Protein chains: 2
Amino acid sequence: MGATKTENFTDKQNAIATLTKALGHPARIAIIEYLIKIKDCICGDIVNELSLAQPTVSQHLKELKNAGLIKGSIEGNAINYCIDEKTIALLQKYFTNMSTKLEIKKNKCC
Amino acid sequence: MGATKTENFTDKQNAIATLTKALGHPARIAIIEYLIKIKDCICGDIVNELSLAQPTVSQHLKELKNAGLIKGSIEGNAINYCIDEKTIALLQKYFTNMSTKLEIKKNKCC
DNA sequence: TTTTTATATTGCAATATTACGATAAAGAAT
DNA sequence: ATTCTTTATCGTAATATTGCAATATAAAAA
């Protein structure tokens, strides 16, 4: 075992889980927050921002990219990483929708 | 290695990562969605809803509970599980705030 | 062309996660 | 008291993740 049984769940459930899983590490949260904070997306210094080795940061960036949370475009020998706003918007909608549903049936349980 | 270096990040970053990590599995997304869908929180049949063995579901419920995403109260020999609305609200705020920040500096990069 | 700069990839050790059978615990029903 | 129902825990195998040193790649600068 050890592998997630994705076939038991809907595509949307798997999609959301992929996104939240990609965000499920403080380094990747820190990267996202840094990319939001800085204005111009020159992101080579993410390595300096985090106290992690360069290959480790590179791996985290790869995971965020695979999940569709960030985009990277080559700029000379450096790479411009930035947030993929559509994906953040998707998550925002997902949790807002959840909150709305909970609001409707206020504290009916527990 | 293999262990996350939480000491390099802020408490808030670690807290958000803990929540998103707990949601980073389709079974746990499915559990949360089921708990939102049903009206009265009688949750013994989560096991029937998911195609996973009972110990596996129990383990996922434990993780959601540890993360503070659900609450469980004993009801005879069964257990009443339900969403912890405060935690969902926290996530909703987090992503809404993120979206707002991104909205302000619309597509300045990539 | 050689060196520097920026990033990715490989390989590997340590650790964590996922899943489930077997079993335990504890109240409910008989 | 015994059995049923519901849920948790233990043990364990399979797999995934985290982190980094070493190395590769590729464009820029010298």
Side-chain angles (χ1 to χ4, degrees), chain A residues 1-9 13-14 17-31 34-35 40-67 70-82 110, chain B residues 1-9 13-14 17-31 34-35 40-67 70-82 110:
Chain A
M1 291 85 216
T4 296
K5 284 188 155 186
T6 54
E7 69 274 17
N8 292 339
F9 309 100
Q13 284 168 343
N14 282 312
T18 298
L19 292 178
T20 48
K21 186 178 184 181
L23 290 174
H25 191 290
R28 295 195 290 267
I29 291 289
I31 290 171
Y34 181 70
L35 286 177
D40 37 24
C41 279
I42 297 160
C43 306
D45 34 19
I46 294 171
V47 174
N48 298 333
E49 270 288 303
L50 313 186
S51 320
L52 288 171
Q54 181 269 322
T56 307
V57 172
S58 187
Q59 199 174 295
H60 283 308
L61 286 168
K62 193 180 179 183
E63 274 175 79
L64 288 170
K65 201 174 159 189
N66 286 343
I70 65 175
K71 293 179 285 188
S73 57
I74 297 160
E75 191 92 2
N77 65 336
I79 293 180
N80 237 352
Y81 276 115
C82 72
C110 295
Chain B
M1 292 85 217
T4 297
K5 284 189 155 186
T6 54
E7 69 274 18
N8 292 339
F9 309 100
Q13 285 168 342
N14 282 312
T18 298
L19 292 179
T20 49
K21 186 178 185 181
L23 290 174
H25 191 291
R28 294 194 290 267
I29 292 289
I31 290 171
Y34 181 70
L35 286 177
D40 36 24
C41 278
I42 296 159
C43 306
D45 35 19
I46 293 171
V47 175
N48 299 331
E49 271 287 304
L50 313 186
S51 320
L52 288 171
Q54 181 269 322
T56 308
V57 172
S58 188
Q59 201 173 294
H60 283 307
L61 286 168
K62 193 181 178 183
E63 273 176 78
L64 288 170
K65 201 173 160 191
N66 285 343
I70 64 175
K71 293 179 283 186
S73 56
I74 297 160
E75 191 91 2
N77 64 336
I79 293 181
N80 238 353
Y81 275 115
C82 73
C110 292

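For clarity, every value in this text was computed on a predicted model and none was experimentally measured. Naming convention: chains lettered A, B, ... in sequence-line order (proteins, then strands); numbering from 1 in each chain.
Remark: Thr56(A) is not in phosphate contact with dT18(D), judged by side-chain N or O atoms under 4.0 Å from OP1 or OP2. For the OP1/OP2 pair of dA6(C) and a distance below 4.0 Å, the side-chain nitrogens and oxygens of Tyr81(A) include no atom meeting the criterion.
Looking at Leu23(B) and Arg28(B), their side chains never come closer than 4.5 Å, going by heavy atoms from C-beta outward. Looking at heavy atoms from C-beta onward, Pro26(A) lies out of side-chain contact with Asn8(B) at the 4.5 angstrom threshold. Contact check for Leu52(A) versus His60(A): side-chain heavy atoms found under the 4.5 Å cut-off.
Atoms CG (Asn80(B)) and C1' (dT5(D)) sit 16 Å apart, rounded to a whole Å. Remark: P of dA8(C) and CD1 of Ile74(A) are 9 Å apart, rounded to the nearest angstrom. Spacing between atom NE2 of His60(A) and atom C1' of dT18(D) amounts to 7 Å, rounded to whole angstrom units. Asn77(B) places its CG atom 11 Å from the C1' atom of dA25(C), with the value rounded to the nearest Å. One can place CG of Asn48(B) at 9 Å from P of dT6(D), the figure rounded to the nearest angstrom. In this structure, Ile79(B) places its CD1 atom 12 Å from P of dT6(D), rounding to the nearest Å. Taking atom NZ of residue Lys65(A) and atom P of nucleotide dA8(C), one finds them 7 Å apart after rounding to whole Å. Rounded to an integer number of Å, the gap from Asn66(B) CG to dT9(D) P is 10 Å.
With hydrogens and angles ignored, no donor-acceptor pair closer than 3.5 Å exists between the side chain of Gln59(B) and the base of dA8(D). Counting distance only, with no hydrogens placed and no angle test, the side-chain atoms of Gln54(A) and the base atoms of dA6(C) include no donor-acceptor pair under 3.5 Å.
Nearest-nucleotide mapping onto DNA chain C: of Lys62(A) and Lys5(A), the residue sitting toward the 5' end is Lys62(A). In this structure, Gly24(A) and Gly76(A) both approach DNA chain D, and ranking their closest nucleotides by distance from the 5' end singles out Gly24(A). If you find the closest nucleotide of DNA chain C to Ala78(A) and to Thr4(A), the one lying nearer the 5' end belongs to Ala78(A).
Remark: the backbone N or O of Gln54(A) is not paired with any side-chain donor or acceptor of Ser58(A) at under 3.5 angstrom.
For Arg28(A), whose side chain is taken as the heavy atoms from C-beta onward, the closest listed nucleotide among dT15(C), dA6(C), dT18(D) is dT18(D). Among the nucleotides dT15(D), dT6(D), dG21(C), the one closest to the side chain of Pro55(B) is dG21(C).
Residue Lys21(A) is in sugar-phosphate contact alone, with no base atom involved, counting any heavy-atom pair closer than 4.0 Å across all strands shown.
Note on ring orientation: taking the six-membered ring where Trp is involved, the planes of Phe9(B) and His25(A) are perpendicular (angle over 60°, cut-offs 30° and 60°).
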